[in-house]
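The structure under discussion appears below in the form of structure tokens.
Along the sequence shown, residues are numbered consecutively beginning with 1. These values consider heavy atoms only, across backbone and side chains, with no hydrogens, waters or symmetry-generated copies.
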Amino acid sequence: MSERLLSFTQITFGYDRKKTPVLAGLDVSLAAGHTTAILGPNGAGKTTLLSLVAGLRSPDAGVITLDGQPVSAAHPEARAALGLVPQHIALYPKLNAEQNLRIFGELYGLRGAELRARIDAALVAVQLTDRRREPVKNFSGGMQRRLNLAASLLHRPKVLLCDEPT
């Protein structure tokens, strides 16, 4: 049996606390080494849940833990173990692929030879090595999505959150 990696305990969240919550009493445990998909209609709370896990929002009630550590602004080590591929492309279009990856790597404390090696590996993984010095604004939508994925993996997160990955 795989160990529990990510847990939601009695998560409740609403954009307007006077109305019905988007999420109410959510209890889920996810094991390491597994892929989990969240399916539902528009407005069901999928993006909201991912923003709570990523620490971009705080739940009205309940606790989210990663490896037993609460995921919150007060616990940056847990948030650093997450990679987030947002629903909308989060890249700097005037910069090239390599420059974008350098910025995201540096945000996670990567520097020097280690950062260069991870950028090289990421570009190979997403098949953009030959476009490394081209401005992202010239990339197709699929190429931008692949580069966005590479940026989220540079720091080798324990959990990768993908919002609308297809």
Side-chain angles (χ1 to χ4, degrees), residues 1-15 17 20-91 100-111 113-128 142 144-166:
M1 170 169 285
S2 300
E3 75 179 61
R4 186 173 61 185
L5 181 63
L6 184 62
S7 295
F8 313 96
T9 306
Q10 289 297 300
I11 297 300
T12 300
F13 179 84
Y15 289 100
R17 293 181 186 169
T20 303
V22 175
L23 301 169
L26 181 65
D27 273 316
V28 178
S29 289
L30 304 174
H34 291 253
T35 300
T36 301
I38 302 168
L39 302 174
N42 291 347
K46 301 177 299 292
T47 295
T48 297
L49 178 60
L50 292 181
S51 69
L52 293 170
V53 175
L56 301 175
R57 297 183 182 277
S58 297
D60 296 333
V63 177
I64 300 171
T65 59
L66 175 63
D67 259 354
Q69 297 257 351
V71 177
S72 69
H75 294 88
E77 60 281 352
R79 288 181 61 195
L82 295 167
L84 175 63
V85 182
Q87 183 174 359
H88 300 288
I89 301 296
L91 299 168
N100 268 278
L101 293 179
R102 180 168 285 107
I103 288 169
F104 287 101
E106 288 176 354
L107 286 172
Y108 281 99
L110 299 171
R111 303 276 187 274
E114 181 180 19
L115 176 56
R116 286 190 299 276
R118 290 200 190 179
I119 289 171
D120 290 345
L123 289 170
V124 167
V126 297
Q127 300 176 352
L128 291 172
Q144 289 180 17
R145 188 149 298 283
R146 293 190 335 246
L147 185 61
N148 216 35
L149 174 63
S152 71
L153 293 171
L154 279 175
H155 66 292
R156 298 185 179 149
K158 289 182 179 184
V159 174
L160 180 63
L161 306 171
C162 299
D163 193 359
E164 302 281 349
T166 60

Atom [atom1] in [X], atom [atom2] in [Y]: separation rounded to 0.5 Å?
| X | Y | atom1 | atom2 | result |
| --- | --- | --- | --- | --- |
| Glu77 | Asp67 | CD | CG | 11.0 Å |
| Leu154 | Ile103 | CG | CD1 | 11.5 Å |
| Arg146 | Leu123 | CZ | CG | 10.5 Å |
| Arg145 | His88 | CZ | NE2 | 9.0 Å |
| Lys158 | Leu5 | NZ | CG | 7.0 Å |
| Ile11 | Leu49 | CD1 | CG | 8.0 Å |

Minimum heavy-atom distance between [X] and [Y], given as atom pair plus value:
| X | Y | result |
| --- | --- | --- |
| Thr12 | Gly25 | OG1-N, 3.2 Å |
| Leu23 | Gly45 | CD2-O, 4.1 Å |
| Ala122 | Leu101 | CB-CD1, 4.3 Å |
| Ser29 | Arg4 | OG-CD, 3.0 Å |
| Leu66 | Ala78 | CD2-O, 3.3 Å |
| Gly55 | Val71 | N-CG1, 4.2 Å |

Do Leu149 and Leu160 pass the side-chain contact (heavy atoms from CB on, under 4.5 Å) test, and can you show the C-alpha distance, the side-chain angles, and the key distance before you say yes or no? CA-CA 9 Å; Leu149 174 63; Leu160 180 63; 3.8 Å; yes
Pair Val85, Asp163 - check side-chain contact (heavy atoms from CB on, under 4.5 Å), show working. CA-CA 6 Å; Val85 182; Asp163 193 359; over 6 Å; no
Step by step, would you call Val159 with Val53 a side-chain contact (heavy atoms from CB on, under 4.5 Å)? CA-CA 10 Å; Val159 174; Val53 175; 5.6 Å; no
Do side-chain atoms of Asp60 reach the backbone of Gly14 as a donor and acceptor pair under 3.5 angstrom?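 Looks like yes, one N/O pair under 3.5 Å.
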Hey, is the main chain of Gly62 close enough, under 3.5 Å, to the side chain of Thr9 for a donor-acceptor pair?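 Looks like no, no N/O pair under 3.5 Å.
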With sequence neighbours left out, what residues match Arg102 under salt bridge (charged side-chain N to carboxylate O under 4.0 Å, His left out)?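 By the salt bridge (charged side-chain N to carboxylate O under 4.0 Å, His left out) rule, Arg102 matches Glu98.
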Matching residue for Phe104 among Leu91, Leu147, Leu110 - test: side-chain contact (heavy atoms from CB on, under 4.5 Å):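 Among Leu91, Leu147, Leu110, the one meeting side-chain contact (heavy atoms from CB on, under 4.5 Å) with Phe104 is Leu91.
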Verdict with reasoning, Leu84 to Leu82, per side-chain contact (heavy atoms from CB on, under 4.5 Å): CA-CA 6 Å; Leu84 175 63; Leu82 295 167; over 6 Å; no
Residue list, side chain to side chain contact (heavy atoms under 4.5 Å, CB included) with Val28, at least two apart or on another chain: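 Side chain to side chain contact (heavy atoms under 4.5 Å, CB included) list for Val28, sorted by chain: Phe8, Leu26, Leu30.
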Using side-chain heavy atoms (C-beta onward) and a distance below 4.5 Å, is Tyr108 in contact with Arg156?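 Of all side-chain heavy-atom pairs linking Arg156 with Tyr108, none is under 4.5 Å.
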